[in-house]
Amino acid sequence: MSEPRQDFFERVWAVVAEIPLGRVTTYGHIAEYLGSRSAARTVGWAMNAAIGSDLPCHRVVNRFGALTGRRHFEGPFVMEERLRSEGVTFTDEGHVDLDAHLWIPGEE
DNA sequence: AACGTGACTGCCC
DNA sequence: CGGGCAGCCACGT
């Protein structure tokens with residue numbers, strides 16, 4: 001059965017909105033959860049549209065845990081500061097410690 | 001209507 | 001070990 005593509009965006013937002021505080025997830029995991037492992041790009045695209053929304057897009061990072069983003073919201077350090085404020089720890093490489101905060105959709 | 005781009009990831013050479 | 005290409009979905013020009 002065919003489902004509206006636009007629904008893909010809404011699903012992404014729904015997942016992001018369910019990310020627990022102090023946890024992070026990756027584009028790949030969201031995409032995989034939606035049924036398309038390789039749709040990570042689209043997930044990022046959905047995030048782009050989520051800027052300005054109430055969605056904690058700062059909890060979504062790439063598979064390395066690096067804070068990627070068109071402009072990291074409105075400042076290159078906003079994301080990091082925000083995550084740290086939520087209790088998320090960072091590694092020496094400057095990315096989120098996924099090993100300690102990685103959250104997978106459906107595994108809440 | 002078509003092509004290119006974009007907050008990604010994985011596989012192939 | 002490093003670089004390149006393909007796959008996925010929606011949007012912009």
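Values below: all heavy atoms of this structure, side chains included; hydrogens, waters and symmetry mates excluded. First the proteins, then the strands, lettered A, B, ... as listed; each starts at 1.
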Among [options], which is the nearest nucleotide to the side chain of [X]?
X: Asn62(A); options: dC8(C), dC8(B), dA7(B); value: dC8(B)
X: Ala40(A); options: dA7(B), dC8(B), dC9(C); value: dC8(B)
X: Phe8(A); options: dC8(C), dC9(C), dA7(B); value: dC9(C)

Would you mind reading off the distance between [X] atom [atom1] and [N] atom [atom2], rounded to a whole angstrom?
X: Arg63(A); N: dG7(C); atom1: CZ; atom2: P; answer: 20 Å
X: Glu10(A); N: dC9(C); atom1: CD; atom2: P; answer: 16 Å
X: Leu34(A); N: dT9(B); atom1: CG; atom2: C1'; answer: 15 Å
X: Leu83(A); N: dA7(B); atom1: CG; atom2: C1'; answer: 14 Å
X: Tyr33(A); N: dT9(B); atom1: OH; atom2: P; answer: 19 Å
X: Arg37(A); N: dC9(C); atom1: CZ; atom2: P; answer: 13 Å
X: Phe64(A); N: dT9(B); atom1: CZ; atom2: C1'; answer: 9 Å
X: Trp45(A); N: dT5(B); atom1: CH2; atom2: P; answer: 12 Å

Might you confirm whether atom CZ of Phe90(A) has over 12 heavy atoms from other residues, nucleotides or ligands at distances under 6.0 Å? yes

Under a single-linkage definition using a 4.5 Å side-chain heavy-atom cutoff for Ile, Leu, Val, Met, Phe, Trp and Tyr, are Ile104(A) and Val88(A) assigned to the same hydrophobic cluster?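 Yes; tracing contacts between hydrophobic side chains, which count when under 4.5 Å, links both residues.
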
Donor-acceptor pair, Thr25(A) side chain versus Trp103(A) backbone, under 3.5 Å?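 Yes, the answer is positive, given that a donor and an acceptor are paired below the 3.5 Å cut-off.
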
Between Glu86(A) and His58(A), does any side-chain donor sit less than 3.5 Å from a side-chain acceptor? yes

With respect to the phosphate group of dT5(B), does any side-chain polar atom (N or O) of Arg41(A) fall under 4.0 Å of OP1 or OP2? no

Please give the distance between the [atom1] atoms of [N] and [M] as a whole number of Å.
N: dG2(C); M: dA7(B); atom1: C1'; answer: 24 Å
N: dA1(B); M: dC8(C); atom1: P; answer: 23 Å
N: dA6(C); M: dC3(B); atom1: P; answer: 16 Å

A side-chain contact here means heavy atoms from C-beta on lying under 4.5 Å apart; do His95(A) and Leu67(A) qualify? no

By nearest nucleotide on DNA chain B, pick out whichever of Thr26(A) and Thr42(A) is the more 5' one.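 Nearer the 5' end of the strand: Thr42(A).
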
